[in-house]
Trainee: 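Sharing a structure, written as structure tokens. Questions coming.
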Amino acid sequence: MSRPLEPLQPATLTFDDEGTPRSSLFDDRYHSCEGPLAQAQFVFLGGNGLPERWAGRERFVVLETGFGLGLNFLATWRAWRDDPSRCTRLHFVSIEKHPVAQYDLATYYQRALPQDMSDMAQRLVERWPLAVAGVHRIEFDGGRVVLTLAFGEADALLPQLALRANALYLDGFSPARNPDMWSERICRHLKRLSADDVTLATWTVSAALRRALAEHSFVTEKRLGLKPKRDMLTGALHPQAQAAALRHRPQAGTPRRVAVIGAGLAGCALAERLAARGIEVVLIERHAEPAQEASGNSAGVLRPMVARDDSFAARFSRAAFLHASNHLRRLDGEGRPLKWGPTGVMQIAQDAEQEQMQHALWASHALPDALVRHLSDWEMTRRVGYTVPRGGWWFPRGAWVNPPSLCEANLERAGDALTRLFSSEAIGLAHDGATWQVSAGDRTLVSADAVVLANASDAAALSPLALPLIRIRGQVTRLPRALLPQLHVTLCCDGYLCPTPDGDLNLGASFDVGDEDVSVRGDSHAGNLARLERLLPDTVLMPDVRKLTGRVAFRTATPDRMPLIGALPGQPGLYAFTGLGSRGLVWSPLGAEVLTARLCGDPMPVENELASAIAPARFFAPG
Ligand SMILES: Cc1cc2nc3c(=O)[nH]c(=O)nc-3n(C[C@H](O)[C@H](O)[C@H](O)COP(=O)(O)OP(=O)(O)OC[C@H]3O[C@@H](n4cnc5c(N)ncnc54)[C@H](O)[C@@H]3O)c2cc1C
């Protein structure tokens, strides 16, 4: 399903005479005149019985309507840091229709927050997402504080969330100025997202809100408010609704040990995520090293997919691209062995009609310039250093990446929680009613609470269900750097040309459905050179095909070209992470986050409709 690509309208921050920040869109204050943190502390933390209620828990989930300036988040994070009995992992999920610009956030924090919060504020500003609609996930304090920001309309986004909240912070602008945020429908969604022990707090005691909450099984109570307000509101689910929520509590806990089959981009990304959640991971790979098959090319391209109709593919790819580029920056910042070049990516239009569409989409301001801009042929030529035939899109956050080094960086980050069971081919899978056994002939390789098939098209051989996987041959051509000595950006059209870690260039790639030939062929080189000619028509002295080298590998795709990420229906504890097609670099980090959230019962990092669009269940009608 698709919908038109719609821009987010960012908030514009102004200050009143007392220096309190205001939203000009709602003509209302962002916080009470008692100071930036007083309301967060008194109403939201105090009203929800925090920090006491999270003591000793494995996970605590706060759901907030209205992120605003992030003051409730920062106050909650500080309370969590200061509390020796804190929960192991704090999830803070918040919805915001008009995100504040990064610069405004930084300026405001500098003038308003106490010194002891400057470190937290700075981290939030550094990781502040681009103003792109949808869900963004950011981690702090080694992944123990997880902020999930959903940018867009609360009414549209709440039904798209999957989580069980232990505390609700209702903090929109006043019901008189922003009634949509306090409606009966919002209260209905909040009930669906509540755990049995949920509590709520808000600074307003509006009669309409109390009625709407009561209609959806919340019992509320007026309490002494924070000056100048006389009252505030707290609440919990009615005992009957609590009992119903308890019945819907997921039975299975977080698995202690997970076997992941396949050490390509998918398996390595997942191993890192699971290990970060403290889960023991056994990674089974038939080769002696990771990334020997599809993930073994010397370089590939990381870029989003932008489409006028904003299909599920475009939305998932955009979210995945932003997530991947943050993940790569984190790995790089930690000094992991990642080889990549954040050069930006230029996607040259294939013809005049496509260029017109690209220009129109950019000019509609549906997406921020920091994600995609249109450049004319002249601007492209200037940046590329060689003449390009047309203008097109410029993705400033795009990059070339060496996939094997990304695999290794993820495995290094997984640390001691990871066992590498390499040079071992998984041949069989069996479930004994409690655990899964992965075997090689009559030898059990590993017993685990859950198994993830991250072994590309070979997942079909192990899966009890018939997985609809398609293999597509791809050959890349290696070009000597001397051919284009000035090229330092990554270029795409119907093919791509990018730098590699050793200085040469990678030209890709053939797309041969139903072709199982593993040898490097002259006709595939010729096809790639034709792609190069379309990228840089006047510039390149074409090399002799007979002297070229290259590499062949096989993409694994699905009939609808979306990945296969999620539980296999009717097979408790068995999951697939495959079908990454030509987008493994882009899709694997977010795919791993989605699957880990699924395995652990954490809040989902994507909208429900995107999770369904990638779930294996879409290919299996309920029996
Ligand atoms: C020519 C080409 C160019 C590409 N260019 C790009 C690009 O520019 N950008 C981009 O984002 N993506 C690109 N891709 C796609 C990307 O490379 C893939 O999507 C990605 O590598 C898939 O990763 P994977 O982990 O699913 O599969 P793989 O990397 O194939 O990993 C699967 C692993 O499972 C192992 N395995 C299989 N069966 C078993 C078993 N029974 N027991 C144990 N181990 C097993 C295999 O040995 C393998 O290591 C390209 C792909 C090709 C072929």
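Below, all heavy atoms of this structure are taken into account, side chains as well, without hydrogens, waters or symmetry copies. Each ligand, and each atom within it, is numbered from 1 in the order the structure gives. Count residues from 1 along the sequence.
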Trainee: Restricting to pairs with a member in residues 421-477, which pass ring pair (Phe, Tyr, Trp, His ring centres under 6.0 Å), not counting sequence neighbours?
Mentor: His431-Trp436

Trainee: Quick check on ligand 1: any N or O pairs to the protein under 3.5 Å? One line per pair.
Mentor:
from: ligand 1; atom 1: 5 (N); to: Tyr496; atom 2: OH; distance (Å): 3.2
from: ligand 1; atom 1: 8 (O); to: Val301; atom 2: N; distance (Å): 2.8
from: ligand 1; atom 1: 9 (N); to: Val301; atom 2: O; distance (Å): 2.9
from: ligand 1; atom 1: 11 (O); to: Gly584; atom 2: N; distance (Å): 3.3
from: ligand 1; atom 1: 11 (O); to: Leu585; atom 2: N; distance (Å): 2.9
from: ligand 1; atom 1: 12 (N); to: Ser582; atom 2: O; distance (Å): 3.0
from: ligand 1; atom 1: 12 (N); to: Gly584; atom 2: N; distance (Å): 3.4
from: ligand 1; atom 1: 17 (O); to: Ala294; atom 2: O; distance (Å): 3.2
from: ligand 1; atom 1: 19 (O); to: Gly581; atom 2: O; distance (Å): 2.9
from: ligand 1; atom 1: 19 (O); to: Gly584; atom 2: N; distance (Å): 3.2
from: ligand 1; atom 1: 21 (O); to: Ser295; atom 2: N; distance (Å): 3.3
from: ligand 1; atom 1: 21 (O); to: Ser295; atom 2: OG; distance (Å): 2.7
from: ligand 1; atom 1: 23 (O); to: Ser295; atom 2: OG; distance (Å): 3.2
from: ligand 1; atom 1: 25 (O); to: Leu265; atom 2: N; distance (Å): 3.1
from: ligand 1; atom 1: 25 (O); to: Ala266; atom 2: N; distance (Å): 3.0
from: ligand 1; atom 1: 29 (O); to: Ser295; atom 2: N; distance (Å): 3.0
from: ligand 1; atom 1: 29 (O); to: Ser295; atom 2: OG; distance (Å): 2.5
from: ligand 1; atom 1: 30 (O); to: Ala294; atom 2: N; distance (Å): 3.3
from: ligand 1; atom 1: 38 (N); to: Arg286; atom 2: NH1; distance (Å): 3.3
from: ligand 1; atom 1: 38 (N); to: Asn455; atom 2: ND2; distance (Å): 3.4
from: ligand 1; atom 1: 41 (N); to: Ala426; atom 2: O; distance (Å): 2.9
from: ligand 1; atom 1: 42 (N); to: Ala426; atom 2: N; distance (Å): 2.9
from: ligand 1; atom 1: 44 (N); to: Arg286; atom 2: N; distance (Å): 3.2
from: ligand 1; atom 1: 47 (O); to: Glu285; atom 2: OE2; distance (Å): 2.6
from: ligand 1; atom 1: 47 (O); to: Arg286; atom 2: NE; distance (Å): 3.2
from: ligand 1; atom 1: 47 (O); to: Glu293; atom 2: OE2; distance (Å): 3.2
from: ligand 1; atom 1: 49 (O); to: Glu285; atom 2: OE1; distance (Å): 2.7
from: ligand 1; atom 1: 49 (O); to: Glu285; atom 2: OE2; distance (Å): 3.2

Trainee: Are Arg315 and Glu607 ion-paired here, with the side-chain N under 4.0 Å from a carboxylate O?
Mentor: yes

Trainee: Do the side chains of Asp602 and Arg277 get close enough for a salt bridge, i.e. N-O under 4.0 angstrom?
Mentor: yes

Trainee: Might you point out which heavy atoms bring Ala576 and Leu595 nearest each other, and give the distance in Å?
Mentor: O-CD2, 4.0 Å

Trainee: Report the relative orientation of the aromatic rings in Trp393 and Phe395; use parallel for angles under 30°, tilted for 30 to 60°, perpendicular for over 60°.
Mentor: tilted

Trainee: Please report the shortest heavy-atom distance between Arg583 and Ser317, naming the atom on each side.
Mentor: CD-OG, 4.1 Å

